[in-house]
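In what follows, a single structure is set out as structure tokens and then discussed.
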Amino acid sequence: MAITGDQLRMARAALKLTVRDLAEITGIDKSTIARAEAGGRAYYATMVKLQEALESNGVAFLDPTDERGAGVALKLGVEPSRKSEATGTAQDEQGKGGLRALDPVLAKFWTERPDKFARLSEDGRRAISEAALGDPEALDDLSVLP
């Protein structure tokens with residue numbers, strides 16, 4: 001079965017991997033992974049390599065049935081952990097756990113301008129969030145206009 005971009009994104013999320021993490025695991029460029037997740041063109045061999053890497057890390061890809069669409073599930077006994085947790089995540093000033101910014105300047109710029117961030121397209125918000133924090137949904141709270 002050929003996996004879809006949605007399944008690729010779901011599998012990466014289930015394993016708590018960033019696009020950067022998956023790129024390091026597979027040797028596939030981050031932009032190729034992001035494009036494939038968005039439903040863009042990707043070589044069949046690239047998708048197979050991504051699928052195999054995710055399966056070897058504990059994801060099972062589910063074929064669509066009459067009751068549900070295609071999806072993913074974690075294999076029994078798999079406990080995902082962020083790669084960054086192994087090396088320690090960044091902490092805020094109060095010592096509480098937080099996200100490590102990949103691009104702190106970009107992250108600060110947009111967190112200080114939530115009204116402008118909310119006006120961007122969904123794809124634009126996801127791209128900025130991915131670039132700033134390595135997670136396309138990390139800045140979702142900013143997209144709600146007051």
Side-chain angles (χ1 to χ4, degrees), residues 1-92 96-111 113-114 116-145:
M1 149 184 140
I3 63 170
T4 66
D6 289 335
Q7 284 179 296
L8 176 58
R9 190 174 50 256
M10 288 187 282
R12 187 175 56 77
L15 292 172
K16 298 181 181 173
L17 296 172
T18 64
V19 170
R20 182 178 295 212
D21 294 336
L22 187 56
E24 288 175 10
I25 291 168
T26 62
I28 295 171
D29 190 80
K30 296 178 301 189
S31 63
T32 301
I33 295 170
R35 184 176 57 249
E37 285 185 356
R41 294 182 142 196
Y43 289 114
Y44 178 79
T46 299
M47 295 303 284
V48 168
K49 187 172 185 176
L50 290 166
Q51 181 176 353
E52 289 172 350
L54 292 164
E55 286 174 336
S56 71
N57 278 284
V59 168
F61 290 92
L62 308 174
D63 290 327
T65 66
D66 291 336
E67 290 116 27
R68 61 163 175 73
V72 300
L74 290 175
K75 295 176 183 174
L76 287 176
V78 173
E79 298 220 8
S81 62
R82 283 190 85 92
K83 181 179 174 186
S84 60
E85 287 176 359
T87 59
T89 56
Q91 296 184 339
D92 59 21
K96 298 175 185 155
L99 289 170
R100 181 176 59 210
L102 300 175
D103 186 342
V105 174
L106 183 63
K108 183 178 183 207
F109 177 87
W110 286 107
T111 55
R113 295 163 179 83
K116 293 184 184 345
F117 186 82
R119 290 187 181 102
L120 297 172
S121 70
E122 182 178 351
D123 289 343
R125 290 191 305 268
R126 286 180 178 273
I128 289 168
S129 184
E130 180 78 36
L133 299 167
D135 181 354
E137 298 174 2
L139 296 176
D140 277 353
D141 293 345
L142 296 178
S143 65
V144 179
L145 283 171

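- Between the CD1 atom of Ile3 and the CG atom of Leu8 there is a distance of 5.0 Å, given to the nearest 0.5 Å.
- Closest non-hydrogen pair, Ser56 versus Ala53, comes out as OG-O, 2.8 Å.
- For the pair Gln7 (side chain) and Gly71 (backbone), a donor-acceptor distance under 3.5 Å is present.
- Atom-to-atom distance recorded for Asp21:CG and Lys16:NZ is 13.0 Å, nearest 0.5 angstrom.
- Summarising the geometry, atom CG belonging to Leu15 is positioned 6.0 Å from atom CG belonging to Leu74; distances are rounded to the nearest 0.5 Å.
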Let's go through Val48 and Glu52 carefully: what are the C-alpha distance in whole Å and the side-chain angles of both, what is the deciding distance for side-chain contact (heavy atoms from CB on, under 4.5 Å) to 0.1 Å, and is it a yes or a no?
CA-CA 6 Å; Val48 168; Glu52 289 172 350; 3.5 Å; yes

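- When all heavy atoms of Ala118 and Arg125 are compared, the pair lying nearest together is O-NH1, 3.5 Å.
- Heavy atoms from other residues, nucleotides or ligands lying under 6.0 Å from CZ of Phe109 number more than 12.
- Nearest heavy atoms, Ala70 versus Met10: O-CE, 4.0 Å.
- Between the side chain of Arg9 and the backbone N or O of Glu37 there is at least one donor-acceptor pair closer than 3.5 Å.
- Nearest heavy-atom pair, Arg20 versus Lys30, reported as atom, atom and distance to 0.1 Å: NH2-NZ, 3.8 Å.
- Surrounding CZ of Arg41 are at most 12 heavy atoms belonging to other residues, nucleotides or ligands under 6.0 Å away.
- Leu22 pairs in a side-chain contact (heavy atoms from CB on, under 4.5 Å) with only one of the listed residues (Ile28, Asn57, Leu54), which is Leu54.
- Ion pairing between a basic and an acidic side chain is recognised when a charged N comes within 4.0 Å of a carboxylate O; Arg126 and Asp123 show no such pairing.
- No hydrogens or angles considered: nothing links the side chains of Thr4 and Asp6 as a donor-acceptor pair under 3.5 Å.
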